[in-house]
Amino acid sequence: MNIQRSEQPGERPSVRVRQRADGDVEECVRVLAEVHRLDGYPVNWPDRPGEWLSSGPLLGSWVAEREGRLVGHVSLSPGGEGDLAPMLWSERNGATRDMTAVVGRLFVAPQARGHRIGALLIGRAVEEARSRGLHPVLDVVTTDTAAAALYERLGWKLMATVEQRWSPHQTVAIRCYAAPA
């Protein structure tokens, strides 16, 4: 399914969200590198960023295009070992972790921000999760205040802020969110 947001004549160009194709990964890595340089996301640059975007079991990955250029990405995956948001949601709702889907790998090209692209990408991932009967959750490092503000504007609920050990030498504060019911 493609999602398009059209504009009135003379306004900004439309944004199209579509399923990510294998041929998109290289351009996604280029955009991700821009985001990393500007915002520090991801916190730790992966050795193989293309594999990082595609690793693990995915329920889906989507890209956003504006004026024919790839400008954003999001993915959806089942909760895995060490994912805090699915654990918190399931404990609070008397459910199992496999009733959640994790929204992740969300980024928007710096030059394309301010056009609701992040919201459209999140909306697509949420739609997919709900179509599978899963509740969307996510986590974000506390230093990524712009992302946290977006999630909160969209009605996501903060479940907790926790410290998570990413390596023997790195502990990171994480904000865990659940999509609105």
If you take all heavy atoms of [X] and [Y], which pair is closest and at what distance?
X: Ala64; Y: Val15; answer: CB-CG1, 4.2 Å
X: Trp89; Y: Ala178; answer: CD1-CB, 3.7 Å
X: Pro42; Y: Pro46; answer: CG-CD, 3.8 Å
X: Ser75; Y: Ser61; answer: CB-OG, 3.4 Å

Taking Leu150 as the fixed residue, which of Val108, Ile122, Thr145 is the one that meets the side-chain contact (heavy atoms from CB on, under 4.5 Å) rule? Ile122
Interatomic spacing from [atom1] in [X] to [atom2] in [Y] - rounded to 0.5 Å:
X: His115; Y: Ser14; atom1: NE2; atom2: OG; result: 12.0 Å
X: Tyr41; Y: His36; atom1: OH; atom2: NE2; result: 11.5 Å
X: Arg37; Y: Leu32; atom1: CZ; atom2: CG; result: 10.0 Å
X: Arg66; Y: Arg16; atom1: CZ; atom2: CZ; result: 15.5 Å
X: Asp83; Y: Leu138; atom1: CG; atom2: CG; result: 11.0 Å
X: Thr161; Y: Arg175; atom1: OG1; atom2: CZ; result: 5.0 Å

Qualifying salt bridge (Lys or Arg N to Asp or Glu O under 4.0 Å) pairs, either residue in residues 161-173, two or more places apart: none
Side-chain contact, heavy-atom cut-off 4.5 Å: [X] with [Y]?
X: Trp156; Y: Val103; answer: yes
X: Arg130; Y: Pro136; answer: yes
X: Leu58; Y: Arg105; answer: no

Test of understanding: with side chain to side chain contact (heavy atoms under 4.5 Å, CB included), list the residues that count as partners of Pro110, not counting sequence neighbours. Glu34, Val35, Leu38, Arg113
Only counting residues at least two apart or in another chain, list the ones meeting side chain to side chain contact (heavy atoms under 4.5 Å, CB included) with Asp139. Ile174, Cys176
Under a 3.5 Å threshold, yes or no: a donor from one side chain and an acceptor from the other, between His73 and Arg20? yes
Would the number of heavy atoms belonging to other residues, nucleotides or ligands and lying under 6.0 Å from CD of Glu152 be above 12? yes
Taking it one step at a time, do Val31 and Val71 satisfy side-chain contact (heavy atoms from CB on, under 4.5 Å)? CA-CA 7 Å; Val31 173; Val71 294; over 6 Å; no
